[in-house]
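Worksheet: the structure to be examined is printed underneath.
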Amino acid sequence: MIKIIILGVIFGAILQRSRVNTFDRIGGFAMLKDFTVPKIMLVAIAVSTVLLFAEVKLGMAGFHVKPLIVGGVIGGGILFGAGMAILGYCPGTLIVSTGEGAVDALIGTVAGIAAGALFALLFPSVRSMLGPNLGKIQLLPHSVFAGAAVVAIFAVLLIWLARKLDTLD
Amino acid sequence: MAKEKIGPLHWAWAGVLLGLLNVVIMNSWVSNRPIGASTAFPYAGGILAGLKDAVYTKLIAKPGLWEIWFLLGAFIGAFVSSMIAGDFKLQLVPERWKAVKGGSPWKRVLWTIIGAFLLIFGARMAGGCTSGHILSGFMQLSAGSMVFGVVVILTFVITGKLFYRS
């Protein structure tokens with residue numbers, strides 16, 4: 001428990017210090033006036049893709065891939081994208097922004113908990129509408145060399161995109 | 001109390017640190033799972049609403065609890081670092097919202113509630129959010145997370161275009 005809280009403290013401090021958690025950054029991205037959010041995400045994904053691949057191949061970690069549940073991922077993605085644009089926060093940054101005094105984020109957290117309770121209540125009937133479940137699909141070849149090549153190309157592409165977005169800021 | 005603010009962390013460093021943190025958390029001896037945030041909401045909500053024995057609450061008990069502790073830490077981390085850096089500020093209507101939508105607090109509260117409902121309900125339908133699907137799914141080249149990411153970014157930009165039209 002203490003370990004998880006410490007990891008959370010680091011997460012919160014990184015986001016808070018980069019200011020990527022704020023409405024001005026996330027809402028600013030929805031208005032296409034600020035690209036801090038995608039730039040940080042792209043770099044984070046590039047770095048973690050490469051390091052995780054090495055970590056897994058060295059036997060120090062395993063992959064934890066979520067299944068591709070078509071209706072859930074597409075329907076949920078539509079609601080999530082619309083909600084994030086209007087709210088100007090995502091689930092993690094709601095909490096981080098509440099920590100630095102954003103009262104709207106605190107209200108959003110309470111509303112989000114209520115929405116979560118509603119989902120738990122409706123789950124038995126919502127469940128059937130989420131499918132079909134295509135399983136855990138990973139776009140990563142089994143061979144180490146082919147895997148390493150895919151990972152490297154993916155990471156370079158993300159960094160290139162982040163630098164491209166930086167010219168717009 | 002007026003003190004000098006500490007400038008923000010550069011985006012490239014923030015990205016590197018965030019990526020490193022996710023890889024550390026994934027380690028079998030650390031948490032053996034990726035970063036995630038949205039399961040904490042239905043788990044907390046389920047417990048508070050007396051749905052402790054509901055199918056869904058039971059299904060998400062393990063990740064739900066992990067994410068509650070993780071977000072408690074995130075809250076503490078953000079509070080402490082914003083205090084030290086001098087950017088802790090109690091504010092209801094964000095500056096950028098004010099510039100486009102005006103300073104009405106009720107308007108911001110109403111849209112906050114609507115936005116948060118869509119956000120959390122959507123995340124739970126999809127089984128993940130910015131953390132669990134986009135940060136953690138893309139780093140594993142997960143097809144499901146990539147479909148989610150593309151749908152989210154399209155809807156996010158289109159909604160932004162329509163909603164913040166000035």
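This one's a predicted model, so the numbers in the text were calculated from it and none came from an experiment. Below, read A as the first sequence line, B as the second, and so on, with proteins coming before strands; counting in each chain starts at 1.
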(request) Select, from T98(A), L130(A), I6(A), L7(A), the one with the greatest count of heavy-atom pairs under 4.5 Å involving chain B. (result) L7(A)
(request) With a 4.5 angstrom heavy-atom cut-off, could you sort out which part of L92(B) is near chain A: side chain, backbone, both or neither? (result) both
(request) With a 4.5 angstrom heavy-atom cut-off, could you sort out which part of V30(B) is near chain A: side chain, backbone, both or neither? (result) both
(message) Whether the side chain of R96(B) engages the backbone of D24(A) through a donor-acceptor N/O pair (distance < 3.5 Å, no angle test) should be reported.
(response) yes
(request) Identify which of A82(A), G108(A), G92(A) forms the greatest number of heavy-atom pairs closer than 4.5 Å to chain B. (result) A82(A)
(message) Please classify the contact of K66(A) with chain B as side chain, backbone, both or neither, using a heavy-atom distance under 4.5 Å.
(response) both
(message) Counting only non-hydrogen atoms closer than 4.5 Å, does R108(B) touch chain A with its backbone (N, CA, C, O), its side chain (CB onward), both, or neither?
(response) side chain
(request) Please report the closest heavy-atom contact between A74(B) and F11(A), naming both atoms and the distance. (result) CB-CD2, 4.0 Å
(request) Give a yes or no answer on whether the side chain of H64(A) reaches the backbone of N32(B) with a donor-acceptor pair at less than 3.5 Å. (result) yes
(message) I'd like to know if the side chain of K89(B) and the backbone of A102(A) have a donor-acceptor N/O pair within less than 3.5 Å.
(response) no
(request) Under 4.5 Å heavy-atom distance to chain A, tell me which part of A49(B) shows up: side chain, backbone, both or neither. (result) side chain
(request) Sort out for me which of G83(A), C90(A), G99(A) touches chain B most, counting heavy-atom pairs under 4.5 Å. (result) G99(A)
(message) Under a 3.5 Å threshold, yes or no: a donor from one side chain and an acceptor from the other, between R19(A) and T36(A)?
(response) no
(request) Pick one of side chain, backbone, both or neither for A162(A), based on which atoms fall under 4.5 Å of a heavy atom in chain B. (result) both
(message) With a 6.0 Å cut-off on the ring centroids, do W111(B) and F163(B) count as close?
(response) yes
(message) With a 4.5 angstrom heavy-atom cut-off, is it the side chain or the backbone of V150(A) that approaches chain B, or both, or neither?
(response) side chain
(message) Strictly distance-based, threshold 3.5 Å: is any side-chain N or O of S142(B) a donor or acceptor partner for the main-chain N or O of F138(B)?
(response) no
(message) Show, in sequence, the C-alpha distance, side-chain angles and deciding distance for S31(B) and W66(B), and conclude whether the side-chain hydrogen bond (donor to acceptor under 3.5 Å, both in side chains) test is met.
(response) CA-CA 9 Å; S31(B) 275; W66(B) 190 94; 3.0 Å; yes
(request) Please look at L121(A) and chain B and tell me whether the side chain, the backbone, both or neither of the residue comes under 4.5 angstrom of a heavy atom of that chain. (result) both
(message) Testing the basics here: between V20(A) and R25(A), what is the closest heavy-atom pair and its distance to 0.1 Å?
(response) O-CB, 4.0 Å
(message) Counting heavy-atom pairs closer than 4.5 Å to chain B, which one of L118(A), I113(A), V47(A), L94(A) comes out on top?
(response) I113(A)
(message) Restricting to non-hydrogen atoms, name the atom on S145(B) and the atom on H133(B) that form the minimum distance, rounded to 0.1 Å.
(response) OG-ND1, 2.8 Å
(message) Same cluster or not: V156(A) versus L165(A), using hydrophobic residues (I, L, V, M, F, W, Y) connected whenever any side-chain heavy atoms lie under 4.5 Å apart?
(response) no
(request) Side chain from CB out, backbone as N, CA, C, O: work out which of these in W29(B) comes under 4.5 Å of a heavy atom of chain A, or both, or neither. (result) both
(request) Side chain from CB out, backbone as N, CA, C, O: work out which of these in L58(A) comes under 4.5 Å of a heavy atom of chain B, or both, or neither. (result) neither
(request) Write out, in numerical order, the residues from residues 147-157 of chain B with a heavy atom short of 4.5 Å from a heavy atom in chain A. (result) V147(B), F148(B), V151(B), V152(B), I153(B), T155(B), F156(B), V157(B)
(message) If only side-chain N and O atoms count, and only distance matters, is there a donor-acceptor pair under 3.5 Å linking N21(A) with S97(A)?
(response) yes
(message) Taking every non-hydrogen pair under 4.5 Å, which of L59(B), V93(B), T130(B), I114(B) racks up the most with chain A?
(response) T130(B)
(message) Taking NZ in K98(B) as the centre, count heavy atoms belonging to other residues, nucleotides or ligands within less than 6.0 Å. Is the count above 12?
(response) yes
(request) Report yes or no: do I47(B) and F121(B) belong to one cluster of Ile/Leu/Val/Met/Phe/Trp/Tyr joined by side chain heavy-atom distances under 4.5 Å? (result) yes
(request) Please report the shortest heavy-atom distance between I95(A) and L71(B), naming the atom on each side. (result) CG2-O, 3.3 Å
(request) Heavy atoms only, distances under 4.5 angstrom: which of S38(B), G77(B), A99(B), S136(B) has the most pairs with chain A? Name it, please. (result) G77(B)
(request) Please answer whether the main-chain N or O of I86(A) pairs with a side-chain N or O of Y164(B) as donor and acceptor at a distance below 3.5 Å. (result) yes
(message) I need the residue from K161(B), Q91(B), M146(B), Q140(B) with the largest number of non-hydrogen atom pairs under 4.5 Å to chain A.
(response) Q140(B)
(request) Side chain from CB out, backbone as N, CA, C, O: work out which of these in L51(B) comes under 4.5 Å of a heavy atom of chain A, or both, or neither. (result) side chain
(request) Quick one: which of N22(B), L119(B), L9(B), I120(B) has the most heavy-atom pairs under 4.5 Å with chain A, could you say? (result) L119(B)
(request) Could you have a look at P67(A), A120(A), G112(A) and say which one has the most heavy-atom pairs with chain B under 4.5 angstrom? (result) G112(A)
(request) Determine yes or no for a side-chain-to-main-chain donor-acceptor pair under 3.5 angstrom, with S143(A) supplying the side chain and A146(A) the backbone. (result) yes
(message) According to a hydrophobic-cluster definition based on side-chain heavy atoms being under 4.5 Å apart (Ile, Leu, Val, Met, Phe, Trp, Tyr only), do L106(A) and L118(B) belong together?
(response) no
(request) Check each atom of I134(B) against the heavy atoms of chain A and say whether the ones under 4.5 Å are side chain, backbone, both or neither. (result) both
(request) Could you check which of F154(A), Y89(A), F123(A), F63(A) has the highest count of heavy-atom pairs closer than 4.5 Å to chain B? (result) F123(A)
(request) Name the member of L48(B), T39(B), V24(B), I25(B) that forms the most heavy-atom pairs with chain A at distances under 4.5 Å. (result) I25(B)
(message) Less than 4.5 Å to any heavy atom of chain B: does that hold for the side chain of L51(A), its backbone, both, or neither?
(response) both
(request) Counting only heavy atoms closer than 4.5 Å, note whether E55(A) contacts chain B via side chain, backbone, both or neither. (result) side chain
(message) Counting heavy-atom pairs under 4.5 Å with chain A, which one of S81(B), G160(B), A37(B) comes out on top?
(response) S81(B)
(request) Would you name the heavy atoms of G46(B) and T57(B) that are closest together and state the gap between them? (result) CA-OG1, 4.2 Å
